[in-house]
Amino acid sequence: MQSFKSTSILRRFLQKSRLVSQSRSFCGVSSHVIIDEPESTVLVEGKASSRTAILNRPHVLNAINYSIGSRLMKLYKSWEDDPDIGFVVLKGNDRAFSAGGDIVSLYNLLKQGNFQDCKEFCWTMYSLVYVIGTYLKPHVALLNGVTMGGGAGISIPGTFRVATEKTVFATPETLIGYHPDAGASFYLSRLPGYLATQQVSSMFWHRPAVTREYLALTGDKISGAEMISCGLATHYSHSAKIPLIEEQLGTLITDDPSVIERSLENWGEIVHPDPASILHRIETLDKCFSHDTVEEIIDALESEAAKQDAWCVATLRKLQETSPLSLKVSLRSIREGRHQTLDQCLRREYRMSVQALSGQITSDFCEGVRARLVDRDLAPKWNPPTLEKVTNDMVDQYFSPLTAFEPELELPTQQREAFT
């Protein structure tokens with residue numbers, strides 16, 4: 001099997017292109033399901049020249065915990081080294097792909113004073129994102145259901161992402177006093193910008209601009225059709241076709257991305273965003289979210305809301321529900337990410353996560369999880385409570401190098417090609 005190190009498509013997600021590479025025959029493997037233990041968090045299906053990893057915590061929408069992260073790391077490294085495996089498929093069990101990291105478990109660990117295990121989870125999670133983002137074999141993620149936060153982190157950096165009418169994407173971290181992580185500052189910052197460079201067709205089949213700042217700050221949800229429109233997904237199919245897609249992929253004996261892409265296109269559909277989609281509000285989004293600071297963004301939204309714009313009123317309400325410190329930290333993170341490679345983004349996000357989880361600057365993460373997912377009173381008491389009380393020093397501390405006693409995230413950049 002040839003090395004995929006030279007095929008830049010595997011390093012350039014958010015772009016759909018075709019490759020020409022040499023494929024070879026593989027030893028046949030009978031199709032079977034491998035379960036290491038009765039309640040395994042990741043199941044494996046073996047096919048002709050592929051492996052399918054199945055996230056298996058359906059009772060929590062396949063939220064990613066340390067067990068899932070570490071098991072996927074072992075599986076992916078093993079499959080990458082196996083010459084009889086041509087490509088990898090990742091999907092979720094039941095009605096979700098993955099709702100993201102298991103933040104309630106992190107909350108409980110912090111309440112128990114177990115900060116170390118939280119750091120180990122982030123270390124493993126971000127390392128996994130890097131491995132998937134630099135994987136030497138084609139990677140297909142079937143996003144048939146909820147795909148949020150860390151769930152997006154382990155799918156969007158891969159080669160192919162198939163969305164359906166059941167797909168719901170979001171990076172809702174500011175709503176819990178956190179920041180978009182697991183590579184979000186890399187892939188969100190590379191979406192078409194907040195300033196449209198040309199007139200956007202009302203049919204949206206030219207992949208229109210979508211406001212990266214909007215998604216990062218509000219945590220708003222978008223559909224599978226919107227994902228394909230802005231480039232977060234590479235293919236779209238109705239959910240009823242997913243079993244057919246899997247069946248055809250299972251018969252392929254190849255390591256050629258162009259062969260896999262043609263297989264996916266056999267079941268692809270052309271879709272357009274719903275009339276109520278944010279993609280139909282590009283002009284307003286660009287006008288409001290192109291400003292340098294959160295305060296200026298809110299001022300712009302208030303000006304538009306004063307014109308009886310109901311959408312702007314609703315967007316303001318969303319921002320008012322989020323952590324003020326998280327808003328400022330997240331805006332800076334997304335904008336720094338535009339000029340950084342994936343590994344640089346992940347290292348910075350690890351610093352930010354250590355700061356957020358440590359509680360030294362603020363306890364917003366624990367308070368946000370408590371209010372939304374534990375007590376569910378939806379009344380978090382943010383600290384600081386307003387944007388005016390968020391100091392530059394607070395924000396700067398999130399981005400500062402960790403202390404000598406707190407190691408930085410180490411990624412195998414010498415062995416794996418980083419991408420920009």
Side-chain angles (χ1 to χ4, degrees), residues 63-64 99-119 121-122 125-126 148-150 153 170-182 184-185 188 213-220 293-295 297-298 315-337 345 348-400 402-403 406:
I64 303 166
D102 191 343
I103 55 176
V104 174
S105 291
L106 292 180
Y107 169 88
N108 289 331
L109 286 171
L110 291 173
K111 287 300 181 181
Q112 297 163 10
N114 192 346
F115 181 41
Q116 185 60 36
D117 280 359
C118 292
K119 291 187 294 183
F121 167 76
C122 291
M125 184 70 184
Y126 299 171
M148 296 185 181
T171 53
E173 287 82 1
T174 58
L175 297 172
I176 56 166
Y178 205 54
H179 51 271
D181 68 330
S185 66
L188 283 182
E213 285 84 352
Y214 173 81
L215 294 176
L217 299 185
T218 65
D220 198 13
T293 67
V294 176
E295 289 89 343
I297 290 172
I298 288 177
T315 301
L316 277 170
R317 189 178 303 115
K318 291 176 185 176
L319 293 178
Q320 291 165 355
E321 294 173 353
T322 62
S323 157
L325 179 55
S326 288
L327 287 177
K328 290 200 171 186
V329 166
S330 299
L331 181 62
R332 177 169 165 181
S333 177
I334 295 299
R335 291 185 171 168
E336 285 195 6
C345 285
R348 174 176 43 72
E349 289 175 3
Y350 179 76
R351 289 179 181 176
M352 297 166 64
S353 295
V354 169
Q355 296 287 8
L357 296 172
S358 72
Q360 294 181 356
I361 307 171
T362 180
S363 58
D364 276 2
F365 172 75
C366 281
E367 175 62 8
V369 176
R370 178 205 65 76
R372 290 196 170 270
L373 298 171
V374 180
D375 296 340
R376 298 179 184 270
D377 58 25
L378 303 181
K381 294 179 174 58
W382 302 125
N383 181 29
T386 63
L387 288 170
E388 293 75 18
K389 294 187 177 181
V390 176
T391 68
N392 290 334
D393 285 345
M394 289 177 180
V395 177
D396 288 343
Q397 192 171 338
Y398 269 80
F399 297 83
S400 300
L402 301 175
T403 68
E406 194 70 69

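Every value quoted in this text rests on a predicted model; they were computed, and no experiment measured them. Residue numbers start at 1 and run along the sequence shown. Only heavy atoms go into these numbers, but all of them, side chains included; no hydrogens, no water, no symmetry mates.
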Check: L327 and I297 side chains under 4.5 Å, non-hydrogen atoms = no
message = Quick one: does any side-chain atom of S333 pair with a main-chain N or O of V329 as donor and acceptor, under 3.5 Å?
response = no
request  = Calculate, to the nearest 0.5 Å, the distance between atoms CD and CZ belonging to Q320 and R317 respectively.
outcome  = 8.0 Å
inquiry  = Ignoring hydrogens, what is the shortest heavy-atom contact between T171 and L215? Give both atom names and the distance.
reply    = OG1-O, 3.3 Å
query = Counting only N and O atoms by type, is there a donor-acceptor contact under 3.5 Å from the side chain of Q397 to the main-chain atoms of I361?
reply = no
For Y214 against T315, the heavy-atom pair lying closest together = CE1-CG2, 3.9 Å
task = Answer with yes or no whether the side chains of E173 and S330 bring together a donor and an acceptor at under 3.5 Å.
result = no
ask   = Are the side chains of S185 and C345 in touch, meaning some heavy atoms are under 4.5 Å apart?
value = yes
inquiry  = If you compare all heavy atoms of A182 against all heavy atoms of G150, which two are closest, and at what distance to 0.1 Å?
reply    = CB-CA, 4.1 Å
key: Interatomic distance, R332 atom CZ to D396 atom CG [nearest 0.5 angstrom]   = 5.0 Å
inquiry  = I need the minimum non-hydrogen distance between P385 and P324, along with the two atoms involved.
reply    = O-CG, 3.5 Å
key: Smallest separation among heavy atoms of G177 and S323, with atom names   = CA-CB, 3.7 Å
inquiry  = Once rounded to the nearest 0.5 Å, what's the spacing between atom SG of C366 and atom CD1 of I103?
reply    = 10.5 Å
ask   = Atom NZ in K318, atom CG in L175: separation rounded to 0.5 Å?
value = 9.5 Å
ask   = Are side-chain N/O atoms of Y178 and S353 paired as donor and acceptor at under 3.5 Å?
value = yes
key: E213/V294 under side chain to side chain contact (heavy atoms under 4.5 Å, CB included): CA gap, chis, key distance, verdict   = CA-CA 10 Å; E213 285 84 352; V294 176; over 6 Å; no
inquiry  = Quick check for you: to the nearest 0.5 Å, what is the distance between L325 atom CG and M394 atom CE?
reply    = 7.0 Å
ask   = If we only count heavy atoms from C-beta on, is the C122 to M125 side-chain gap below 4.5 Å?
value = no
ask   = Taking it one step at a time, do E336 and F399 satisfy side chain to side chain contact (heavy atoms under 4.5 Å, CB included)?
value = CA-CA 10 Å; E336 285 195 6; F399 297 83; 3.8 Å; yes
ask   = Is the closest side-chain heavy-atom distance between L109 and Q116 below 4.5 Å?
value = no
Side-chain heavy atoms of D102 within contact of F121, under 4.5 Å = no
message = Which heavy atom of A356 sits nearest to which heavy atom of H179, and what is that distance?
response = CB-CE1, 4.2 Å
query = Under a 4.5 Å cut-off applied to non-hydrogen side-chain atoms, are L110 and V369 in contact?
reply = no
ask   = Can a donor-acceptor pair be found between the side chains of D220 and T218 at a distance below 3.5 Å?
value = no
ask   = Is the number of heavy atoms from other residues, nucleotides or ligands under 6.0 Å of N392 CG greater than 12?
value = no
inquiry  = I'd like to know whether L378 forms a side chain to side chain contact (heavy atoms under 4.5 Å, CB included) with R372, so could you lay out the CA-CA distance, the side-chain angles of the two residues, the decisive distance to 0.1 Å, and finally the verdict.
reply    = CA-CA 5 Å; L378 303 181; R372 290 196 170 270; 4.0 Å; yes
request  = Say whether, by atom type as modelled, one donor and one acceptor occur between the side chain of E367 and the main chain of W382 under 3.5 angstrom.
outcome  = no
CG-CG distance between D117 and N108, expressed to the nearest 0.5 angstrom = 12.5 Å
task = Could you give me the CA-CA distance, side-chain angles and deciding distance for F365 and L106, then say whether side chain to side chain contact (heavy atoms under 4.5 Å, CB included) is met?
result = CA-CA 10 Å; F365 172 75; L106 292 180; 4.2 Å; yes
